[in-house]
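Here's the structure, in structure tokens; my notes come after.
In what follows, residues are counted from 1 in the order of the sequence shown.
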Amino acid sequence: GAVIQNRTGIVLNGGEICYNTVTDQGAGLYVGANVTFEMNDCQIYENTATFRGAGLFINSSGTINGGAIHDNHILGGEGLNMPSGAGILLCGELPKTLTMNGGEIYSNDSSDHGAGVRVNKGTTFVLNGGKITGNSAGFGGGVYTYGKFTMSGGSITNNTATEKGGGVLVGGGTFTVSGNVNITNN
């Protein structure tokens with residue numbers, strides 16, 4: 001995969017990031033702190049991480065306007081603390097916001113938390129449009145939030161969890177809904 005750190009920003013206009021494997025985090029794309037991020041019609045798929053953020057590990061603010069993050073895998077393992085975020089892991093203690101205006105996050109799987117999207121404490125994920133669908137995890141198949149998740153458009157559908165929260169699991173953060181949204185069949 002790619003690691004982007006200590007740069008001012010990255011813009012993905014098309015292309016693919018695929019078939020990468022790491023034993024820790026950020027198999028597809030690792031975006032470090034203070035790097036602006038924009039994704040337009042890129043495909044991030046078939047990446048595998050043992051611990052966190054198989055598709056996109058982001059420790060910064062950014063925007064997703066289109067494209068897809070799909071078929072990424074978190075393996076987990078004994079002794080690991082909450083392996084999570086097969087599609088996207090938004091992390092960091094400083095305030096960060098990732099806004100999704102379009103695109104899809106689908107068919108990602110995690111052995112533990114947040115197969116589609118994992119939102120950590122101190123961060124915000126804003127879903128204005130797009131789809132989070134067909135993801136599978138132990139907890140929070142579509143979304144696991146310990147931070148803030150705000151939804152004003154788009155859909156969270158057909159996600160599953162073996163334990164709790166097929167569509168969404170709020171594990172200490174907030175989940176706010178307004179506008180025309182679809183959260184069904186989870």
Side-chain angles (χ1 to χ4, degrees), residues 25-28 44-59 62 64 68-93 95-186:
Q25 58 199 18
I44 300 176
Y45 63 93
E46 287 294 343
N47 299 289
T48 303
T50 301
F51 190 34
R52 302 184 300 177
L56 173 61
F57 179 99
I58 182 166
N59 188 13
I64 298 172
I69 298 173
H70 63 93
D71 295 292
N72 296 289
H73 316 283
I74 295 289
L75 300 177
E78 191 172 325
L80 292 175
N81 183 18
M82 284 199 256
S84 57
I88 297 174
L89 175 67
L90 177 59
C91 70
E93 289 298 318
K96 295 169 180 66
T97 301
L98 182 60
T99 302
M100 183 172 172
N101 297 315
E104 295 184 73
I105 301 168
Y106 67 91
S107 298
N108 299 288
D109 61 83
S110 173
S111 61
D112 206 341
H113 289 73
V117 178
R118 162 78 189 246
V119 183
N120 278 2
K121 183 178 179 179
T123 64
T124 302
F125 190 97
V126 178
L127 181 61
N128 293 325
K131 299 176 182 178
I132 300 174
T133 188
N135 300 287
S136 177
F139 300 88
V143 174
Y144 177 86
T145 184
Y146 194 71
K148 296 178 183 176
F149 193 102
T150 303
M151 184 176 183
S152 63
S155 64
I156 299 174
T157 60
N158 301 310
N159 300 285
T160 60
T162 57
E163 298 292 329
K164 297 178 184 176
V168 178
L169 180 60
V170 179
T174 61
F175 184 83
T176 306
V177 177
S178 65
N180 186 17
V181 302
N182 180 16
I183 304 173
T184 57
N185 296 325
N186 294 291

Out of curiosity, [X] [atom1] to [Y] [atom2], how far, rounded to the nearest 0.5 Å?
X: K96; Y: C91; atom1: NZ; atom2: SG; value: 7.0 Å
X: T124; Y: L90; atom1: OG1; atom2: CG; value: 7.5 Å
X: I88; Y: I64; atom1: CD1; atom2: CD1; value: 3.5 Å
X: N59; Y: Q25; atom1: CG; atom2: CD; value: 9.0 Å
X: L75; Y: D112; atom1: CG; atom2: CG; value: 12.5 Å
X: I44; Y: I105; atom1: CD1; atom2: CD1; value: 9.5 Å

Mind listing the closest non-hydrogen atom pair of [X] and [Y] along with its distance?
X: R118; Y: H113; value: NH1-CB, 3.8 Å
X: A137; Y: G114; value: CB-N, 4.1 Å
X: T145; Y: T174; value: CG2-O, 3.8 Å

- Test item: N72 side-chain N/O and N47 main-chain N/O as donor-acceptor pair under 3.5 Å: yes

- Task: Check V177, V181, V143 against I156 for a side chain to side chain contact (heavy atoms under 4.5 Å, CB included) and give me the one that passes.
- Result: V143

- Query: What pairs meet the ring-ring contact (aromatic ring centres under 6.0 Å, His included) rule with one or both residues in residues 147-176, with sequence neighbours excluded?
  - Reply: F125-F149, F149-F175

For residues 159-170, dump all side-chain donor-acceptor pairs below 3.5 Å to protein atoms at least two apart in sequence or in another chain.
from, atom 1, to, atom 2, distance (Å)
N159, OD1, G134, N, 3.2
N159, OD1, N135, N, 2.8
N159, OD1, N135, ND2, 3.0
N159, ND2, I132, O, 3.1
N159, ND2, T157, O, 3.0
N159, ND2, N186, OD1, 3.1
T160, OG1, S136, OG, 3.3

- Message: For a 4.5 angstrom cut-off between non-hydrogen side-chain atoms, does I183 reach M151?
- Response: yes

- Non-hydrogen side-chain atoms of T123 and L98 separated by less than 4.5 Å: no

With sequence neighbours left out, what residues match [X] under side-chain contact (heavy atoms from CB on, under 4.5 Å)?
X: A49; value: V22, A27, A54, I74
X: N158; value: T133, N185
X: E46; value: Y19, D71, H73

- With sequence neighbours excluded, tell me which residues meet side chain to side chain donor-acceptor pair (under 3.5 Å) with E104. none

- Hits for side chain to side chain donor-acceptor pair (under 3.5 Å) against T184, two or more places apart or cross-chain, chain-then-number order -> N182

- Hits for ring-ring contact (aromatic ring centres under 6.0 Å, His included) against Y106, two or more places apart or cross-chain, chain-then-number order -> H70

- Note on the structure: Across all chains, not counting sequence neighbours, the ring-ring contact (aromatic ring centres under 6.0 Å, His included) partners of Y146 are none

